[in-house]
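Scroll down for the structure; my scribbles are underneath it.
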Amino acid sequence: MTVRIKRLELNGFKSFPRSTVFEFDAGITAIIGPNGSGKSNIADAMRWVLGEQSYSNLRGRKAEDVIFSGSTARSAVGMAEVTLTLDNSSGELPIEYQEVSISRRACRNGENQYLINGSRVRLKDVNHITASLGQAHTVIGQGLVDAALSQRPEERRGLFEHAAGITGLRMKYAATARHLAETTSNSTRLEDLLNELEPRLKTLERQAKQAREFAEVQQNLRETTLRYYSSLWREHQERLNTLRQNAETAQTELERETSELAEAQAAIQQLETELETLQERGEALDQQIIDSRSQVRELEHRIELSRQRRDSLNVEVERHAERRASLVSESEQIEADIGERQAERESIQREIDELEVQLAHHRQKQSAIDEQIDALTR
């Protein structure tokens with residue numbers, strides 16, 4: 001039993017803008033229709049989905065020619081997709097699925113995709129799977145018969161090879177030849193490397209021995225380094241714990257001293273306020289002292305004037321006493337004048353006594369102010 005075509009789905013391919021499905025059940029031998037109905041497009045879709053790369057064989061010039069370009073009744077689409085479903089119950093296709101769906105998509109931006117059962121694949125994979133289809137199916141487009149008859153024998157040979165299923169074998173042969181060439185090249189390269197490395201074998205053995213010794217030394221160094229750094233880590237960890245405890249103690253002490261400092265600052269602020277008040281009081285007392293000294297100087301001046309008046313009166317009393325002795329006739333008048341002067345003298349004496357009392361009072365007040373200034377200064 002050969003591979004059988006089960007279904008062909010077209011969407012946006014040439015004259016099929018909408019999704020169109022062709023079911024090829026058993027007994028279908030042909031698709032018929034009038035001219036322009038799209039029969040040739042079905043054959044082109046078959047060739048296209050199977051990996052046709054020559055757009056001239058698809059009656060076009062570029063990839064966009066296979067995408068529906070629009071009509072008066074419908075706008076153009078942006079992608080063409082064709083899916084060919086094959087019945088692989090016979091297992092002739094080199095794939096483990098009993099039903100194989102081969103899809104090809106083309107976009108207007110030039111992107112081209114191949115899918116097998118919904119998975120992205122390469123064109124090489126599609127050709128590998130469909131190479132054996134030539135034994136059961138051959139797609140012949142318009143003019144292909146005339147072209148085959150007019151071709152040269154070597155060109156016509158390709159059609160027969162495809163129909164005979166030799167294409168897949170040729171592909172395998174080409175792939176095998178490429179692998180063989182690569183293997184031969186690698187073998188030659190290995191021989192060159194062997195010829196190049198063989199004289200250096202002893203040197204490489206010595207270097208390998210040195211490398212092993214170096215690896216051992218490096219391992220020992222690494223273990224020693226790890227032990228050393230482990231010891232350092234434990235030592236530093238202990239120091240760190242000690243420093244952390246000291247830091248906690250210092251932090252507690254700092255908080256206590258900070259609290260005391262805040263209290264001291266508050267006390268200093270209060271003392272500064274009191275000092276400003278005392279300075280203001282001292283300035284007021286200084287002004288009082290200045291005023292008192294001015295009053296004292298004024299009282300001393302008045303006392304001096306009174307003393308001068310008293311001395312002048314004394315002189316005048318003595319002069320009148322002398323006149324009294326010499327002028328008996330004027331004694332009564334003089335005694336009267338003396339009495340008046342004596343009364344005036346007593347009045348002046350009382351005024352002098354009052355001024356002296358005031359002076360003593362101001363001196364006591366000045367002494368008290370001086371004591372306050374000394375106390376404020378201390």
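Starting from 1, each residue takes its place in the sequence as its number. Bear in mind that the values here come from a model prediction, so they are computed numbers and not experimental data.
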Side-chain heavy atoms of [X] within contact of [Y], under 4.5 Å:
{"X": "Q270", "Y": "E274", "value": "yes"}
{"X": "E316", "Y": "L313", "value": "yes"}
{"X": "R104", "Y": "Q113", "value": "no"}
{"X": "Q210", "Y": "R206", "value": "yes"}
{"X": "I31", "Y": "F24", "value": "yes"}

Does a side chain donor of either [X] or [Y] reach within less than 3.5 Å of an acceptor in the other side chain?
{"X": "Q349", "Y": "D353", "answer": "yes"}
{"X": "S185", "Y": "R189", "answer": "no"}
{"X": "R4", "Y": "N88", "answer": "no"}
{"X": "S19", "Y": "N11", "answer": "no"}
{"X": "S119", "Y": "N117", "answer": "no"}

Between [X] (side chain only) and [Y] (backbone N and O only), is there a donor and an acceptor less than 3.5 Å apart?
{"X": "R105", "Y": "M79", "value": "no"}
{"X": "S103", "Y": "S101", "value": "no"}
{"X": "S187", "Y": "T183", "value": "no"}
{"X": "Q53", "Y": "G51", "value": "yes"}
{"X": "S294", "Y": "I290", "value": "no"}
{"X": "S312", "Y": "Q308", "value": "no"}
{"X": "N314", "Y": "R310", "value": "yes"}
{"X": "K39", "Y": "G33", "value": "yes"}

Check side-chain contact (heavy atoms from CB on, under 4.5 Å) between [X] and all other residues, then give those that pass, not counting sequence neighbours.
{"X": "Q218", "result": "F214"}
{"X": "A63", "result": "Y55"}
{"X": "L232", "result": "Y228, Y229, E235, H236"}
{"X": "S71", "result": "F68, A73, R74"}

Test of understanding: clusters of I, L, V, M, F, W, Y form through side-chain heavy atoms closer than 4.5 Å, transitively. Do [X] and [Y] belong to the same one?
{"X": "Y97", "Y": "L93", "answer": "yes"}
{"X": "L50", "Y": "L115", "answer": "no"}
{"X": "V121", "Y": "W48", "answer": "yes"}
{"X": "L261", "Y": "I268", "answer": "no"}

Q: Could you please spell out the steps behind the salt bridge (charged side-chain N to carboxylate O under 4.0 Å, His left out) verdict for R122 and D125?
A: CA-CA 5 Å; R122 301 168 297 175; D125 301 325; 3.3 Å; yes
Measure the spacing between [atom1] of [X] and [atom2] of [Y] and express it to the nearest 0.5 Å.
{"X": "Q98", "Y": "L86", "atom1": "CD", "atom2": "CG", "value": "13.5 Å"}
{"X": "I348", "Y": "L355", "atom1": "CD1", "atom2": "CG", "value": "11.5 Å"}
{"X": "L123", "Y": "E52", "atom1": "CG", "atom2": "CD", "value": "10.5 Å"}
{"X": "E99", "Y": "S89", "atom1": "CD", "atom2": "OG", "value": "8.5 Å"}
{"X": "L8", "Y": "F13", "atom1": "CG", "atom2": "CZ", "value": "9.0 Å"}
{"X": "L221", "Y": "Q219", "atom1": "CG", "atom2": "CD", "value": "9.5 Å"}

Can you give the donor-acceptor pairs under 3.5 Å from side chains of residues 364-378 to other protein atoms, not counting sequence neighbours?
unit_1 : atom_1 : unit_2 : atom_2 : d
T377   : OG1    : I373   : O      : 2.7

Q) With the threshold set at 4.0 Å, does a side-chain nitrogen-carboxylate oxygen contact exist between R7 and E9? A)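 Counted as a salt bridge, because a side-chain N and a carboxylate O are separated by less than 4.0 Å.
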Q) Is the shortest distance from a Lys or Arg side-chain nitrogen in D65 or K62 to a carboxylate oxygen in the other one below 4.0 Å? A)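 Judged by the 4.0 Å cut-off on N to carboxylate O distance, D65 and K62 do not form a salt bridge.
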For [X] versus [Y], what's the shortest heavy-atom pair and its separation?
{"X": "L58", "Y": "V66", "result": "CD1-CG1, 4.3 Å"}
{"X": "P17", "Y": "V77", "result": "O-CG1, 4.4 Å"}
{"X": "S15", "Y": "G38", "result": "OG-CA, 4.1 Å"}
{"X": "M46", "Y": "V49", "result": "O-CG1, 3.3 Å"}
{"X": "V82", "Y": "A45", "result": "CG1-O, 3.9 Å"}
{"X": "I352", "Y": "S306", "result": "CG1-CB, 3.6 Å"}

Q. Is the number of heavy atoms from other residues, nucleotides or ligands under 6.0 Å of R108 CZ greater than 12?
A.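 It does: R108 CZ has more than 12 such atoms within range.
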Q.
Are more than 12 heavy atoms, taken from residues, nucleotides or ligands other than E298, located less than 6.0 Å from that residue's CD atom?
A.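 It does not: E298 CD has 12 such atoms or fewer within range.
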Q: Please test E205 against K209 for side chain to side chain contact (heavy atoms under 4.5 Å, CB included), starting from the C-alpha separation and ending with a verdict.
A: CA-CA 6 Å; E205 289 178 354; K209 182 179 179 181; over 6 Å; no
**Q.** Criterion side chain to side chain contact (heavy atoms under 4.5 Å, CB included) on I102 and V126, from CA distance to verdict
**A.** CA-CA 8 Å; I102 302 173; V126 175; 4.1 Å; yes
Q: For the pair R302 and E351, evaluate side chain to side chain contact (heavy atoms under 4.5 Å, CB included) and give the outcome as yes or no after the intermediate values.
A: CA-CA 10 Å; R302 290 175 61 186; E351 184 176 358; 4.1 Å; yes
Distance-only donor-acceptor pairs under 3.5 Å for side chains of residues 238-252, two or more places apart:
unit_1 : atom_1 : unit_2 : atom_2 : d
N241   : ND2    : Q237   : O      : 3.2
T242   : OG1    : E238   : O      : 3.0
N246   : ND2    : T242   : O      : 3.3
T249   : OG1    : Q245   : O      : 3.0
T252   : OG1    : E248   : O      : 3.0

Q. So F16 and F22, would you call those rings parallel, tilted or perpendicular, with 30° and 60° as cut-offs?
A.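 Ring orientation, 0 to 90° scale: perpendicular.
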Q: Take T85 and V100, measure what side chain to side chain contact (heavy atoms under 4.5 Å, CB included) needs, and give me the verdict at the end.
A: CA-CA 6 Å; T85 303; V100 181; over 6 Å; no
